[in-house]
Amino acid sequence: MKDLHELFSRFKADFPNVHAGHEALGVEIHEKSGPLPEKVRWLLKIAISGASRHLTALETHITRAKEAGVTDDEIKHTLLLLIQTTGFPNFMESYGVFKKMEGGSK
């Protein structure tokens, strides 16, 4: 899987053992630790990264979600759910990441 962010590539090169442990934990949690379908797991990751304002993670999670078959409408609905919990400005920031990835304006 190609890295989406150069900084992550640098992290992997500088800390290969830490990266390997981090990846193993991610596989265990994301793929083996529960019954949620893959698309639902990616939508949850989009919601969590958007709600916590981790915009680099949000970009990564949107990309991976699309690779898993999540539609743009499903992503937009997930982002809309941020409004009532984290506020409209936070939604707009996350929605801006999504639109920028689509090639639209922020």
Side-chain angles (χ1 to χ4, degrees):
M1 189 177 313
K2 183 179 184 262
D3 295 334
L4 299 177
H5 304 281
E6 184 180 336
L7 183 58
F8 188 68
S9 297
R10 289 186 202 157
F11 161 75
K12 286 175 23 179
D14 289 345
F15 305 102
N17 292 335
V18 175
H19 171 259
H22 182 266
E23 282 294 307
L25 178 61
V27 168
E28 182 65 32
I29 292 170
H30 189 71
E31 298 176 11
K32 300 178 181 179
S33 294
L36 295 175
E38 183 178 21
K39 284 176 66 171
V40 171
R41 293 190 311 259
W42 284 116
L43 289 169
L44 283 168
K45 286 185 169 200
I46 288 169
I48 292 165
S49 57
S52 58
R53 301 180 77 178
H54 291 295
L55 303 182
T56 300
L58 177 60
E59 184 178 345
T60 299
H61 295 152
I62 288 171
T63 300
R64 300 295 185 233
K66 287 183 173 192
E67 290 170 357
V70 174
T71 67
D72 285 351
D73 285 343
E74 290 169 324
I75 292 168
K76 288 188 277 189
H77 187 196
T78 300
L79 294 175
L80 280 171
L81 294 170
L82 296 174
I83 294 172
Q84 292 301 102
T85 304
T86 64
F88 187 74
N90 191 47
F91 158 76
M92 287 300 293
E93 191 169 34
S94 297
Y95 184 62
V97 169
F98 173 72
K99 294 306 284 182
K100 182 178 175 186
M101 293 174 71
E102 272 190 332
S105 61
K106 186 168 183 181

Problem - With sequence neighbours excluded, residues passing side-chain contact (heavy atoms from CB on, under 4.5 Å) with D73 - result: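 Result, side-chain contact (heavy atoms from CB on, under 4.5 Å) vs D73: T71, K76.
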
Using 0.5 Å steps for rounding, measure from the [atom1] atom of [X] to the [atom2] atom of [Y].
| X | Y | atom1 | atom2 | answer |
| --- | --- | --- | --- | --- |
| H77 | I46 | NE2 | CD1 | 13.0 Å |
| T60 | F8 | OG1 | CZ | 8.5 Å |
| S94 | L81 | OG | CG | 12.0 Å |
| L43 | E74 | CG | CD | 6.0 Å |
| H54 | H61 | NE2 | NE2 | 10.0 Å |
| F98 | D72 | CZ | CG | 4.0 Å |

Sub-4.5 Å side-chain heavy-atom contact between [X] and [Y]:
| X | Y | value |
| --- | --- | --- |
| V18 | F11 | yes |
| F91 | L79 | yes |
| H30 | K45 | yes |

Problem - K39 charged N/C atom sitting above W42 aromatic ring, 6.0 Å / 45° - result: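 No, K39 and W42 do not form such a contact.
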
Exercise for the section: Under 4.5 Å between side-chain heavy atoms, chaining through other members, with only Ile, Leu, Val, Met, Phe, Trp and Tyr counted: pull out the rest of the cluster around L25, sorted by chain and number. Expected result: I29

Hey, is the main chain of [Y] close enough, under 3.5 Å, to the side chain of [X] for a donor-acceptor pair?
| X | Y | value |
| --- | --- | --- |
| N90 | G50 | yes |
| T85 | L82 | no |
| T78 | A47 | no |

Practice task
Verify the neighbour count for atom CD of Q84: are there more than 12 heavy atoms of other residues, nucleotides or ligands below 6.0 Å?
Solution key: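 No.
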
Practice task
Evaluate whether atom CD of E28 has more than 12 neighbouring non-hydrogen atoms of other residues, nucleotides or ligands under 6.0 angstrom away.
Solution key: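 Yes, because the 6.0 Å sphere around CD of E28 holds more than 12 heavy atoms from other groups.
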
Problem - Heavy-atom pair of closest approach, residues R41 and L36 - result: NH1-O, 2.6 Å

